[in-house]
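First up is the structure itself, then whatever we jot down about it.
Computed over heavy atoms, backbone and side chain alike; hydrogens, waters and symmetry mates excluded. Bear in mind that the values here come from a model prediction, so they are computed numbers and not experimental data. By convention here, the first residue in the shown sequence is residue 1.
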Amino acid sequence: AMALCLKQVFNKDKTFRPRKKFEPGTQRFELYKKAQASLKSGLDLKAVVQLPPGESINDWIAVHVVDFFNRINLIYGTMSEYCTERSCPIMSGGLKYEYRWQDDSKYKKPTKLSAPQYMCMLMDWIEMLINNEDIFPTRIGVPFPKQFQQVCTKILTRLFRVFVHVYIHHFDSIINMGAEAHVNTCYKHFYYFIREFSLIDHRELEPLVRMAAGWGD
C-alpha cells in the first residue's frame, strides 16, 4: 500500500518529490550508500546511526540531514490531503504544543501559521539551506562552515515537529493508508540519530517522549 501511496503522491504533486540527490562518485554518495546498506541489512537502528570508523562526522550528519529531509518530505506528502487549512488551522502537536514560524526574510517574528503553510515554508527553507554550497559544500576538500552543526540542529528540530504533528493529528490516516510501519521506522531511525549526536534539545522531544519510552532504551 505504501508504494502505491508514494506513487500517487509523486504523480499528484510535484512539491513532494525528493528534492536533493547525492551525486554519484562523490564521497557523500558512497557514505549514503553505506548508510542505506546498513539500514536495509536489518541491523539494530542504534548501531546503524553510529559514525563509521574513519569517516568525518560532518559528512555523516550532512548525508543524514538530506536523507531525513527527503523521507519526511515524502511522509508529509502522503498525509497532505488530510492536513488542510480547515483541519489544522494551527501548526501544533496536540493542545499543549504550538509551533510558530520564523525566518530571516518574510517572518522576522515567530508567526502563527496553519500546519500546511508551516510545512510549505519549512520544506522550502530546508531546501534552500541544503542547496547552499556555503553551508552544505559538495566539492571535495571544501570545509564545512563553523556553524554547520548549529544549522543542522535547527533543521532537525523543525523536521521533528513534522513527526509531532503527523503522529498527534494524523495517525488515523497513517493507519488507514497502511503506512504505520514505514513511518515508525523512519521516526525511530531519526530519533536514534539525533540522540547519538545530541542534535536536538531534549525539551523539544517532549511531545513524543512516551513513544520512545516504549522502545525500552
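Of all heavy-atom pairs spanning Pro207 and Tyr99, the tightest one is CG-OH, 3.5 Å. Closest non-hydrogen pair, Leu156 versus Leu199, comes out as CD1-CD1, 3.7 Å. A pairwise comparison of heavy atoms in Glu204 and Phe160 identifies O-CE2, 3.0 Å as the closest pair. When all heavy atoms of Ile126 and Phe69 are compared, the pair lying nearest together is CG2-CD1, 3.6 Å. Nearest heavy atoms, Cys83 versus Pro116: O-CG, 3.5 Å. Nearest heavy-atom pair across Val162 and Ile72 is CG1-CG2, 3.6 Å.
If you take CZ on Arg210 and CD on Glu206, they are separated by 10.5 Å, rounding to the nearest 0.5 Å. Once rounded to the nearest 0.5 Å, the distance linking CZ of Arg71 with OG1 of Thr185 reads 8.5 Å. A distance of 11.5 Å separates CE in Met119 from CG in Leu113, rounded to the nearest 0.5 Å. With rounding to the nearest 0.5 Å, the separation of CZ in Arg158 from CE in Met91 is 10.5 Å. Distance NE2/His170 to OH/Tyr76: 6.0 Å, rounded to 0.5 Å. Residue Ile200 holds its CD1 atom at 11.0 Å from SG of Cys152, rounded to the nearest 0.5 Å.
Annotation: side chain of Phe163 is in contact with side chain of Cys186 (closest heavy-atom distance under 4.5 Å). With contacts defined as side-chain heavy-atom distances shorter than 4.5 Å, the pair Phe144/Asp59 qualifies. The closest side-chain heavy-atom distance from Val49 to Arg195 is not below 4.5 Å. Looking at Glu196 and Lys46, their side chains never come closer than 4.5 Å, going by heavy atoms from C-beta outward. Counting heavy atoms from C-beta on, the side chains of Ile155 and Phe68 never come closer than 4.5 Å. Side-chain atoms of Leu205 and Ile194, non-hydrogen and from C-beta on, do get closer than 4.5 Å to each other.
Taking the centre of each ring, Tyr187 and Tyr167 come in below the 6.0 Å mark. The aromatic ring centres of His64 and Phe193 sit less than 6.0 Å apart. Aromatic rings from Phe136 and Phe148 are positioned such that their centres are separated by under 6.0 Å.
With hydrogens and angles ignored, the 3.5 Å screen pairs no side-chain donor or acceptor of Asp67 with any backbone N or O of Val63. Using modelled atom types, one side-chain atom of His165 and one backbone atom of Ser92 make a donor-acceptor pair closer than 3.5 Å. In this structure a side-chain-to-backbone donor-acceptor pair under 3.5 Å is present from Asn176 to Asp172. Side-chain N or O atoms of Ser87 include one that pairs as donor or acceptor with a backbone N or O of Tyr82 at under 3.5 Å. Under the 3.5 Å distance criterion, the side-chain polar atoms of Gln149 are left unmatched by any main-chain donor or acceptor of Asn58. A side-chain donor-acceptor contact under 3.5 Å links Gln117 to the backbone of Ser114. Checking side-chain atoms of Trp60 against main-chain N and O of Leu31 turns up no donor-acceptor pair under 3.5 Å.
Tyr97 and Ile90 are not part of a single hydrophobic cluster, where members link through side-chain heavy atoms under 4.5 Å apart.
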Quiz item: Does the side-chain contact (heavy atoms from CB on, under 4.5 Å) test come out yes or no for Val166 and Ile174, once each step is laid out?
Solution: CA-CA 8 Å; Val166 164; Ile174 296 175; 3.3 Å; yes

